[in-house]
**Student:** 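Would you mind keeping the following structure in view while I ask a few things?
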Amino acid sequence: MVVTYNRLDLLKELIQALRVQSQPLDQVIVVDNGSSDGTRAWLTELEPATFLIHLSETNAGGAGGFSKGLELAFDAGHSYAWLMDDDACPEPEAHRALHDALEYLSETKQRVAFLSSRVIDEGGRTIATHNAAGATPPLDGSDTLGKIYPTCRGSFVGAFIVLEVARDTFLPIADFFIYHDDAEYTARLTKFGGGFLVDASRIRHPDKVSNGDMGARLLYDLRNRIWIRRNVFLGSEALRAELTDSLVRYIAVRGKSSDSKRLFVASVLKAVWQGVAKRPSRVWPS
């Protein structure tokens, strides 16, 4: 399942990478977030037997797009949903490796909520922000599959959701718009089953990590951290600690790197107000 917005050239590369997976996909769901670069016209030309296209009139952000896409996957009766954005590029064996890992985990009586592909940059280096296994040792006996690591959360670049388990909770929080929607959802899923990073399933993706000025986007980042802190139904205790234990220090660091102090102060004030005065909506699978 793919979310896209105004990146037609990258989307074409991704669709081609999905077409050549060694284990074919049953269907490709594409959620377009109101693109204006020709994406919508191109999507309507794809074969309907393989592609389910949702054209949104507004940009709901990555969070809204993935929430809608998972809703469509549930409605279509699928067993699994493999999530990624439009600048991802899975290697040909990536999908098969996930199914091999799922079969192995089923044989060991593991209740799996999600798997994660390993996200790498163009040089083959792991992108740490998309891979949360860290120093966790791999499962015993998984070496023949290229190592499988327990993980506490995943990224929507390669999250492979087991929909039977995911039906026990609500969809990704569309109100997040951007930032932390994937960490929140996958961490929440670990309340119902295990999460695992599959080393043999690899997706290339640009490494966009930056400690520079976030501009107006700081509003979403900070507000969503506050929501996760204040609402125990979101994420997990581990995620709350990771994202919110040093909020004041985090805000200070962001302030030092901001280009416009006026915009920074306005974004922080608005984020705190929304984070405290509002609660994100929860939508359950139908």
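On a predicted model such as this, the values are computed, not experimentally measured, just so you know.
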**Student:** Report yes if the side chains of L139 and L105 come closer than 4.5 Å at any heavy-atom pair, otherwise no.
**Tutor:** yes
**Student:** Regarding R118 and T126, do their side chains bring together a donor and an acceptor under 3.5 Å, going by distance alone?
**Tutor:** yes
**Student:** Run the ring-ring contact (aromatic ring centres under 6.0 Å, His included) test on Y220 and Y179 for me, step by step, so that the C-alpha distance in whole Å, both residues' side-chain angles and the decisive distance to 0.1 Å come before the verdict.
**Tutor:** CA-CA 7 Å; Y220 306 109; Y179 293 121; 7.5 Å; no
**Student:** Using 30° and 60° as the class boundaries, would you call the ring planes of Y80 and F160 parallel, tilted or perpendicular?
**Tutor:** parallel
**Student:** For G193 and V165, which heavy atoms make the closest approach, and how far apart are they?
**Tutor:** N-CG1, 4.4 Å
**Student:** Could you check whether any side-chain N or O of S267 sits under 3.5 Å from a backbone N or O of L263, counting only pairs where one atom can act as donor and the other as acceptor?
**Tutor:** yes
**Student:** Is any side-chain heavy atom of L234 less than 4.5 Å from a side-chain heavy atom of I173?
**Tutor:** yes
**Student:** Given the rule in the salt bridge (Lys or Arg N to Asp or Glu O under 4.0 Å) test, do D221 and R225 qualify, once you have shown the distances and angles that lead to the verdict?
**Tutor:** CA-CA 6 Å; D221 174 26; R225 288 171 184 261; 2.9 Å; yes
**Student:** Considering only heavy atoms from C-beta outward, does the side chain of Y149 approach that of N131 to under 4.5 Å?
**Tutor:** no
**Student:** The test is side chain to side chain contact (heavy atoms under 4.5 Å, CB included); show your working for I120 and I127 and say whether it passes.
**Tutor:** CA-CA 5 Å; I120 58 175; I127 301 177; 5.7 Å; no
**Student:** Please report the closest heavy-atom contact between H95 and Q23, naming both atoms and the distance.
**Tutor:** ND1-O, 2.7 Å
**Student:** Could you go step by step and tell me if V2 and L18 meet the side chain to side chain contact (heavy atoms under 4.5 Å, CB included) rule?
**Tutor:** CA-CA 10 Å; V2 178; L18 294 176; 4.0 Å; yes
**Student:** Are V28 and I15 close enough that some pair of their side-chain heavy atoms sits under 4.5 Å apart?
**Tutor:** yes
**Student:** For the residue pair A187 and L239, what are the closest heavy atoms and their distance?
**Tutor:** CB-CD2, 4.0 Å
**Student:** Measure the CD-CG distance between E13 and L8 for me, rounded to the nearest 0.5 Å.
**Tutor:** 10.5 Å
**Student:** For atom NZ of K261, is the number of surrounding heavy atoms from other residues, nucleotides or ligands below 6.0 Å larger than 12?
**Tutor:** yes
**Student:** Is there a side-chain contact between N6 and D37 in this structure, where contact means two heavy atoms from C-beta onward sitting under 4.5 Å apart?
**Tutor:** yes
**Student:** For F192, is there any backbone N or O sitting under 3.5 Å from a side-chain donor or acceptor partner on R111?
**Tutor:** yes
**Student:** Go through the side-chain N and O atoms of D87 and H205 and say whether any donor and acceptor fall under 3.5 Å apart.
**Tutor:** yes
**Student:** Does this structure show an ion pair linking D175 with R279, if we count only N-O contacts that are shorter than 4.0 Å?
**Tutor:** no
**Student:** Please answer: with hydrophobic residues joined when any side-chain heavy atoms are less than 4.5 Å apart, are L219 and I228 in the same cluster?
**Tutor:** no
**Student:** Which atoms form the tightest heavy-atom contact between P172 and S67, and what is the distance?
**Tutor:** O-OG, 3.0 Å
**Student:** Does atom CD of E164 have more than 12 heavy-atom neighbours, drawn from other residues, nucleotides or ligands, at distances under 6.0 Å?
**Tutor:** no
**Student:** Within a radius of less than 6.0 Å around CG of D245, do more than 12 heavy atoms belonging to other residues, nucleotides or ligands occur?
**Tutor:** yes
**Student:** Is F114 reachable from L72 through a run of hydrophobic residues whose side-chain heavy atoms are each under 4.5 Å from the next?
**Tutor:** yes
**Student:** Assigning hydrophobic clusters by single linkage (Ile, Leu, Val, Met, Phe, Trp, Tyr; side-chain heavy-atom cutoff under 4.5 Å), is L46 placed with L52?
**Tutor:** no
**Student:** How many angstroms lie between CG in D26 and OG1 in T50, if you round to the nearest 0.5 Å?
**Tutor:** 10.0 Å
**Student:** Does D207 reach the main-chain N or O of D121 with its side chain, forming a donor-acceptor pair under 3.5 Å?
**Tutor:** no
**Student:** Hey, are R188 and T169 close enough side-chain-wise for a donor-acceptor pair under 3.5 Å?
**Tutor:** yes
**Student:** Following the transitive rule for hydrophobic clusters with a side-chain heavy-atom cut-off under 4.5 Å over Ile, Leu, Val, Met, Phe, Trp and Tyr, establish whether F233 and L189 coincide in one cluster.
**Tutor:** no
**Student:** Taking side chain as C-beta onward, heavy atoms only, is L10 less than 4.5 Å from C89?
**Tutor:** no
**Student:** Counting C-beta onward and ignoring hydrogens, is there a side-chain heavy-atom pair between F196 and L102 closer than 4.5 Å?
**Tutor:** no
**Student:** Could you give the distance from NZ (K68) to NE2 (H54), rounded to the nearest 0.5 Å?
**Tutor:** 5.0 Å
**Student:** Passes side chain to side chain contact (heavy atoms under 4.5 Å, CB included), R96 versus Q21? Steps please.
**Tutor:** CA-CA 8 Å; R96 181 180 298 280; Q21 289 295 302; over 6 Å; no
**Student:** Kindly say whether A94 contributes a backbone atom to a donor-acceptor pair with the side chain of R202 at under 3.5 angstrom?
**Tutor:** no
**Student:** Rounded to the nearest 0.5 Å, how far apart are CD of E237 and CD of E242?
**Tutor:** 13.0 Å
**Student:** Quick one: pull up CG in D168 and NZ in K191 and give me the separation to the nearest 0.5 Å.
**Tutor:** 12.5 Å
**Student:** Say you draw a straight line from CE of M84 to OG of S117; how long is it, rounded to the nearest 0.5 Å?
**Tutor:** 6.5 Å
**Student:** Taking all heavy atoms of I203 and all of A88, pick out the closest pair and write down the distance.
**Tutor:** CG2-CB, 3.7 Å
**Student:** Let me check something: do L98 and V112 share a hydrophobic cluster, defined by ILVMFWY side-chain heavy atoms less than 4.5 Å apart, either directly or through other members?
**Tutor:** yes
**Student:** So, T186 side chain and D182 main chain: donor-acceptor pair closer than 3.5 Å or not?
**Tutor:** yes
**Student:** Walk me through it: do T151 and L115 pass the test side chain to side chain contact (heavy atoms under 4.5 Å, CB included)?
**Tutor:** CA-CA 9 Å; T151 186; L115 304 176; over 6 Å; no
**Student:** Minimum heavy-atom separation for N33 and G62, please, with both atom names.
**Tutor:** ND2-N, 4.3 Å
**Student:** Would you check if the side chain of S35 reaches a backbone N or O of D32 as a donor-acceptor pair within less than 3.5 Å?
**Tutor:** no
**Student:** Regarding E45 and R40, does a basic nitrogen lie under 4.0 Å from an acidic carboxylate oxygen?
**Tutor:** no
**Student:** Would R153 and E184 pass as an ion pair if we require N to O under 4.0 Å?
**Tutor:** no
**Student:** Are R19 and E47 ion-paired here, with the side-chain N under 4.0 Å from a carboxylate O?
**Tutor:** yes
**Student:** Is T58 reaching over with its side chain to a backbone N or O of A60, donor-acceptor style, under 3.5 angstrom?
**Tutor:** no
**Student:** Between the side chains of D75 and S286, does any donor sit under 3.5 Å from an acceptor?
**Tutor:** yes
**Student:** Taking the six-membered ring for Trp, are F156 and F66 ring centroids under 6.0 Å apart?
**Tutor:** yes
**Student:** Do D85 and Y5 make a side-chain contact, defined as non-hydrogen atoms from C-beta onward lying under 4.5 Å apart?
**Tutor:** no
**Student:** Could you give all pairs that pass the ring pair (Phe, Tyr, Trp, His ring centres under 6.0 Å) test and reach residues 244-286, with sequence neighbours left out?
**Tutor:** F170-W284
**Student:** For the side chain of R230 and the backbone of W227, is there at least one donor-acceptor N/O pair under 3.5 Å apart?
**Tutor:** no
